[in-house]
**Q** 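Supplied in structure tokens, the structure appears directly below.
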Amino acid sequence: MDTKEKQAKLDSIAEEIISRKCSLEIARTCLNPVPGNGNPDAELMFIGEAPGAQEDKAGQPFIGASGKFLDEMLVSIDLRREDVFVTNIVKFRPPDNRDPNAEEIDICLPYLNRQIEIIKPKLLVFLGRHSMNVFLPGLKISEVHGRLQNKSGVAMLPLYHPAAALYNGSMRSIVKEDFSRIPEILKTI
Ligand code: URA
């Protein structure tokens, strides 16, 4: 599939999400659905949990404080937002910053799987334990962060969520250190 075709397919998934056709209550209560965005040919796909307040206002993923930290880390490995694809497991903001529930994850997961199928990234990078556990249930982020995982031939890298690292200096260094290994990991897969 060429880039244009991929973009058209991603746009059509985004339109579906934005049309709020799904049965979830959060699809109606959110301000704006957040399908995700980025390069249709990305080697790296970053997957967070669910949009926060700022993302909900703008309809764009990771634009608040966590997003700024993500951008900083991307620059540290010589990448920009335009080079990668950034999205979430759940495409609508759960109210009051609560965690998404199992039904919300189940209903939104097919959108994400279709985005993955189109982009075919070399590496899925999970931002936080919640998104990791959807794909890799039972793993502990404290044990596997920064370590390449392989499930059914798909390469996956769990990282601590940037929000966890924002105001915690030692966590920040761990996330940066894990992130700095991405270029090497990409060469091995
Ligand atoms: N946290 C997430 O998990 N996703 C976003 O889009 C923003 C903050």
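Order of appearance sets the numbers: ligands from 1, and atoms from 1 within every ligand. The figures here come from the full heavy-atom set of this structure, side chains too, leaving out hydrogens, waters and symmetry mates.
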**Q** For L127 and ligand 1, answer yes if some heavy atom of the residue is under 4.0 Å from a ligand atom, otherwise no.
**A**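 L127: no contact with ligand 1 (<4.0 Å).
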**Q** Hey, does H161 sit under 4.0 Å from ligand 1 if you only count heavy atoms?
**A**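 For ligand 1, residue contact (heavy atoms, under 4.0 Å) with H161 is present.
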**Q** Looking only at N/O atoms, are E55 and ligand 1 under 3.5 Å apart anywhere?
**A**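 No, since none of the N or O atoms of E55 sits under 3.5 Å from an N or O of ligand 1.
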**Q** Does K187 pair with E184 as a salt bridge, N-O distance under 4.0 Å?
**A**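 Salt bridge: yes.
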**Q** Would you mind finding which of G48, A50, S66, A65 brings a heavy atom closest to atom 2 (C) of ligand 1?
**A**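 Of the listed residues, A50 has the closest heavy atom.
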**Q** Salt bridge check, E16 against R114: does any charged N sit closer than 4.0 Å to a carboxylate O?
**A**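 Salt bridge flag = yes for E16 with R114.
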**Q** Would a line drawn from the ring center of F179 to the ring center of F46 be shorter than 6.0 Å?
**A**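 Yes, ring centres under 6.0 Å apart.
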**Q** Give me the ring orientation class for F92 and Y111: parallel if the planes are under 30° apart, tilted from 30 to 60°, perpendicular past 60°.
**A**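 It falls in the perpendicular class, over 60°.
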**Q** Please state which protein non-hydrogen atom is closest to atom 8 (C) of ligand 1 and give its distance, to 0.1 Å?
**A**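 For atom 8 (C) of ligand 1, the nearest protein heavy atom is F62 CE2, 3.9 Å.
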**Q** Quick one: nearest non-hydrogen protein atom to atom 4 (N) of ligand 1, plus distance?
**A**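 Looking only at protein heavy atoms, the one closest to atom 4 (N) of ligand 1 is N88 OD1, 2.7 Å.
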**Q** Is the distance between the ring centroids of Y160 and H130 under 6.0 Å?
**A**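 Ring centroids of H130 and Y160 are no less than 6.0 Å from each other.
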